[in-house]
Q: 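A single structure is presented below for examination.
Letters A, B, ... mirror the listed sequences (proteins, then strands); counts begin at 1. Remember, it's a predicted structure, so these values are computed and weren't measured experimentally.
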2 protein chains.
Amino acid sequence: MSMRSLGRELGVEAMALYRYVSGREDLLEAVVARLLDGLAERVEAAGTTSWQEYLQYLAHEIRDVALRHPSAFPLVVSRHPATPWLRPPLRDIDTVEHLLATLTGYGFDEERAVDTYKAFTSFLVGYLLLEVSMRTENVSAVEEPMNEGSAQIPEQDTATDVQGAPHVLRMRERLSQDRGAEEFEIGLEMLLNRIERAVSV
Amino acid sequence: MSMRSLGRELGVEAMALYRYVSGREDLLEAVVARLLDGLAERVEAAGTTSWQEYLQYLAHEIRDVALRHPSAFPLVVSRHPATPWLRPPLRDIDTVEHLLATLTGYGFDEERAVDTYKAFTSFLVGYLLLEVSMRTENVSAVEEPMNEGSAQIPEQDTATDVQGAPHVLRMRERLSQDRGAEEFEIGLEMLLNRIERAVSV
DNA sequence: TCGGCGAGCATACGGCGTAAACAAGGACTG
DNA sequence: CAGTCCTTGTTTACGCCGTATGCTCGCCGA
């Protein structure tokens, strides 16, 4: 994304964009805001009836965003939030306020609520960032080696690098399987279980 | 980082760098490789005696890298690894081979080993990326609002945005507390526990 | 002494973000 | 209707960026 290329795509000169945004940074910030727009409201309106259900709903909502915009999601994660004590991808005060209010409403004390917020955001970042990066990387890249003169390519670069790594070789298929959804569900379930144990202490 | 600024820092013109690296991308790739250099060997030499201890050692080793180079670590995470079925931050075949071999050696079947690899990498990305981003963001940024004419700034931007968010306001102190180390240890412990349960089934 | 060669330099090209001045039209006001 | 502004977009320019190309030197072996 560049101002000039975006302008070209809109049939307009780059400088015309500056009538509407105050600069590139502002534009990217607006993209992030758009992606997360209405999140707090949707979560509010979902009418969940337990903190587990609440966090599940919120997690799936964020995952939807990530999968709908896999190439924009890293922006949500890497951009510094409004204040240093918020963390991506739950980076606006409304959403965090709602989360903390909800957890408190279900009996969490302050420490548990904040710990849950932190663990929850870390979980989302870890799973979703890797998931969208897997979904994005083959779209661009490749660099087109052109295959000019060299005769047979053994098996892409795979077979060459993987010599002397029998376990990797054996599990290669399994490693490249996309089980993003199940991994996410299982990881989320485990996270909720461990929060549950921490709360009941 | 730009080629020109790096050259300036080395007392040399930018183009001189091209005698040693083939371009900016190569240079960044080399930085990542350097950060993770010898990881597999160190893990091998550690002589751990259980898979739990092994993963703990590996996790701490990676965390050390992240904390030693907080502004370079996002590079490790965001750069596409050599092959699509590897995931940051465990992105070289040697390390992954050693991990899978070790887990297999402790009785993991293929599915458990691969699931563990995926969960482990997600955990590392989630925790460490947010931790280094917290440690980095106040170094630059700030934009220097200069405080030109306006008289009293109430309490930085904090108090203004946080109106109507009583929970956030109340837990602000706790939210900004840096408990990175404890969070990491607890999260890691929990991850190991849940892997243990999955394995013993 | 001389030729080659490796390290660094100078220049140049196209692309980037964006500041500043300008132009064209459309909408209001008299 | 004329005259004014206000909105929208363009043009030009500046200083960055990565990097392709070609040059200059000083050193080192023959």
Q: Hey, can you tell me if B:Phe184 and B:Tyr127 have their rings parallel, tilted or perpendicular (30° and 60° cut-offs)?
A: perpendicular
Q: Name the stems with DNA chain D in them: runs of three or more consecutive Watson-Crick or G-U pairs, distances under 3.5 Å?
A: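 Stems for DNA chain D, defined as runs of 3 or more consecutive pairs: C:1-30 with D:1-30.
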Q: Output the rounded distance in Å from CE (A:Met15) to C1' (C:dT18).
A: 5 Å
Q: Starting at CG of A:Leu17 and ending at P of D:dT11, how long is that distance when rounded to a whole Å?
A: 15 Å
Q: Quick one, A:Val125 and A:Pro89 - any side-chain contact, counting heavy atoms below 4.5 Å?
A: yes
Q: Quick one: B:Glu13 CD to C:dA12 C1', roughly how many Å, whole number?
A: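 Atom-to-atom, B:Glu13 to C:dA12, this comes out as 14 Å.
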Q: Looking at A:Glu97 and B:His167, would you say the former's side chain and the latter's main chain have a donor-acceptor pair under 3.5 Å?
A: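 Yes, the answer is positive, given that a donor and an acceptor are paired below the 3.5 Å cut-off.
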Q: Round to a whole Å and report the spacing from CG of B:Leu6 to P of D:dC16.
A: 17 Å
Q: Whole angstrom is fine here: how far is it from CZ in B:Arg4 over to P in C:dC16?
A: 16 Å
Q: Hey, are A:Arg63 and A:Glu131 close enough for a salt bridge, meaning a charged N less than 4.0 Å from a carboxylate O?
A: yes
Q: With nearest nucleotides of DNA chain D determined for A:Ala14 and B:Arg8 from heavy-atom distances, which residue corresponds to the more 5′ nucleotide?
A: A:Ala14
Q: For the pair A:Glu9 and A:Arg4, find out whether any cationic side-chain nitrogen is under 4.0 Å from an anionic carboxylate oxygen.
A: no
Q: Looking at B:Glu110 and A:Arg172, is any side-chain nitrogen of the basic one under 4.0 Å from a carboxylate oxygen of the acidic one?
A: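 No.
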Q: Looking at A:Arg112 and A:Glu196, does any basic side-chain N land under 4.0 Å from a carboxylate oxygen?
A: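 No, this pair does not count.
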Q: Calculate the interatomic distance between B:Met3 atom CE and D:dT19 atom C1'; express it in whole Å.
A: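 Interatomic distance, CE of B:Met3 to C1' of D:dT19: 8 Å.
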Q: Does a side chain donor of either B:Ser5 or B:Ser2 reach within less than 3.5 Å of an acceptor in the other side chain?
A: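 Side-chain D/A pair, B:Ser5 to B:Ser2: present.
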Q: Among residues 20-29 of chain A, which ones have heavy-atom contacts with DNA chain D below 4.0 Å?
A: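 The stretch gives A:Tyr20 as the residues lying under 4.0 Å from the strand, ordered by number.
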Q: Please step through salt bridge (charged side-chain N to carboxylate O under 4.0 Å, His left out) for the pair A:Glu25 and A:Arg79, ending with a clear verdict.
A: CA-CA 10 Å; A:Glu25 288 304 299; A:Arg79 217 127 254 281; 3.0 Å; yes
Q: Just by distance, no angles: are the side chains of B:Glu29 and B:His80 close enough, under 3.5 Å, to form a donor-acceptor pair?
A: no
Q: Pairs under 3.5 angstrom, nitrogen or oxygen only, protein versus nucleotides 22-24 of chain C, please.
A:
none

Q: Have B:His98 and B:Glu41 got a donor and an acceptor in their side chains that come within less than 3.5 Å?
A: no
